[in-house]
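Single-structure report; data block below.
In what follows, chains are A, B, ... by sequence order, proteins preceding strands, each numbered from 1. Fair warning: this is a prediction, and the values are worked out from it, not measured in the lab. Just the heavy atoms: all of them, side chains too, but no hydrogens, waters or symmetry mates, feed the values below.
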Number of protein chains: 2
Amino acid sequence: MSSTAPINEQFRLAARPVGMPKPSDWQRTTEPLRALQDGEITVKALYLSLDPAMRGWMNEGKSYIRPVAIGEVMRAGGVGVVVASKAPGFAVGDYVSGGIGVQRYWTGAAGDKTAGFFKIDPTLAPLTTWLNTLGMPGMTGYFGLLEVGLPKAGETVVVSGAAGAVGMVVGQVAKQKGCRVVGIAGGKDKCDFVVRELGFDACIDYKGGSVKDGLKEHCPNGVDVYFDNVGGEILDAVLTRINLKARIVICGAISQYNNTTAVKGPANYLSLLVNRARMEGIVVFDYAAKYHLGVAEMGKWIREGTFKSVEDVVEGIETFPEALLMLFEGKNFGKLVLKVADA
Amino acid sequence: MSSTAPINEQFRLAARPVGMPKPSDWQRTTEPLRALQDGEITVKALYLSLDPAMRGWMNEGKSYIRPVAIGEVMRAGGVGVVVASKAPGFAVGDYVSGGIGVQRYWTGAAGDKTAGFFKIDPTLAPLTTWLNTLGMPGMTGYFGLLEVGLPKAGETVVVSGAAGAVGMVVGQVAKQKGCRVVGIAGGKDKCDFVVRELGFDACIDYKGGSVKDGLKEHCPNGVDVYFDNVGGEILDAVLTRINLKARIVICGAISQYNNTTAVKGPANYLSLLVNRARMEGIVVFDYAAKYHLGVAEMGKWIREGTFKSVEDVVEGIETFPEALLMLFEGKNFGKLVLKVADA
């Protein structure tokens, strides 16, 4: 690090949001970078991952991961470059992926388990792809579909949030495995994209008509696997069209994350009984020991040109509060990524 | 059959109920018994099985079994005695179990697949036990728990409708398999019974206090398997206490069957995500090929005196409309059975 140490800028959680996060829920802080102790590194953020799950981390209460504390730097995954190191195995100039947080610089023990930094190879795939298909959303879609959805060739797989980071992966993995794939997304542009560019067999525009009618039309043999990223009315609509022994993967419920009233439970859940079907949750961290398998297979497909990793890049850490809202307003197209600095 | 042929009496579905079935939803008819053709039998009903599922059969719409048609004799399982036979393999005096319907006599082809008559041995267990532990409720609880709930010794199993036919079986099977068993039932008498007489470790009286508090107290290590017969608020309460990788067996939702508004979906279903847990439906017919295994194991426990089959017998076919309501009013204690005639 040069002697004219750069200033870190951070977004900290100022208040627990009620409904959609407001500007006043954030506190912007700056602080000088500190000198390293043995075993520590400083990572300069290049791209941060913006994910629907972040909304959940802002709430109090037990979940699969502890909430972000008031006053704490907002949790975020990211890719960056090591700009200072007193840790063996990490050299200045190494590219890494891990829990940088919404800030320009992360400093701490290289082996910090919560941050979980690991080196990435930018010659294998662009940096943003490591936050997308080869990162958490990719692993979520890949293992959630294959290990919980258990799709078989010839079956019909439906995925909501089809033009989002996880949805794009789910649909493309299902196609690779020989399934009929029907997406659900908001707007004609997104639907056209997943069909024309990603090879989905069809896509239902939930803003443009009835999801039930769309399912009747595009899933003439019913739904064998439903990968749910949205919850709410769409989950209920799909429940009316599932087949015997269908598998529903509960990955998220973005339609419910900013509720100020209770979550809408799936009123049609008794379709699970009628159809001896299953609804099961997935959290990506459970598959950490197998990530390399997902990276290897999807990396191969990407290099072969049969699989696309699509990122929607927003520029500037200062845009973080508004950029995050794009997820809940359905504005992003593919994986939403915040560019913090040039590589 | 004697020349002074007895008269059949029947309860037919007159109208699809809105909410709780009313007397006017039934039509009582009589007709003489007809002469048999080759391959046919006449079965005299002795005991009919009254089950929560019957409410669902009265509704229009796709389910795991076709609805009872307007004007049709109400579907019901039962045990009876063959009083006339032109079918090989069935002799007058044989005891049988099958789909008799709510009537005094069933006449038709002995091999009728829908009725599914099979001979039972009243020396192995009382006739009513063949409608309970050794019949559909028993098979539902046994296979639902073991094949969908997948309990392991030492785990905590919670079952709602604990003093109902299925719940009693689930709890006792779970105890046999070495689990901690906590029931949920309505009223102190029912709770006392399942603890003192059936050996449950505890029972939560949902009418006497908060189910959540009861779960905190009696499931200090959380809930590994929840066998749900009731749905509604109780399902939601249990969802807040499940463990990682918990299994929720959806067997029924008696709290919702007479709704005139939409079913209440489980608002806490995202606990499935947080806990990577599973919710899966069970329909007993899927296990038909294995019923003999359930009959053998539970029959053995009954003979050993370590397992109880409890029936609540109401007398007289004419009481059918009111007797059925006992299920939804929580009035029955164990398996509700309608006695139609003496053996």
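Proximity to chain B (any heavy atom under 4.5 Å) is shown, for A:Leu239, by neither the backbone nor the side chain.
Between A:Val274 and B:Tyr64 the shortest heavy-atom distance is CG1-N, 3.5 Å. When all heavy atoms are compared, the tightest approach of B:Tyr269 to A:Pro266 is CD2-CD, 3.6 Å. Counting all heavy atoms, side chain and backbone alike, A:Cys251 lies closest to B:Leu273 at O-CD1, 3.1 Å.
Taking OG of A:Ser271 as the start and CD1 of B:Ile250 as the end, the distance is 11.5 Å to the nearest 0.5 Å.
Annotation for B:Lys212: atom NZ does not count as buried by contact number, only 12 or fewer foreign heavy atoms lying within 6.0 Å. The 12-atom threshold is exceeded at CD of B:Glu329, counting heavy atoms of other residues, nucleotides or ligands nearer than 6.0 Å.
Among residues 156-174 of chain B, no residue has any heavy atom closer than 4.5 Å to a heavy atom of chain A. Within residues 278-293 of chain B, the residues having any heavy atom less than 4.5 Å from a heavy atom of chain A are, in residue-number order, B:Arg278, B:Met279, B:Glu280, B:Gly281, B:Ile282, B:Val283, B:Asp286.
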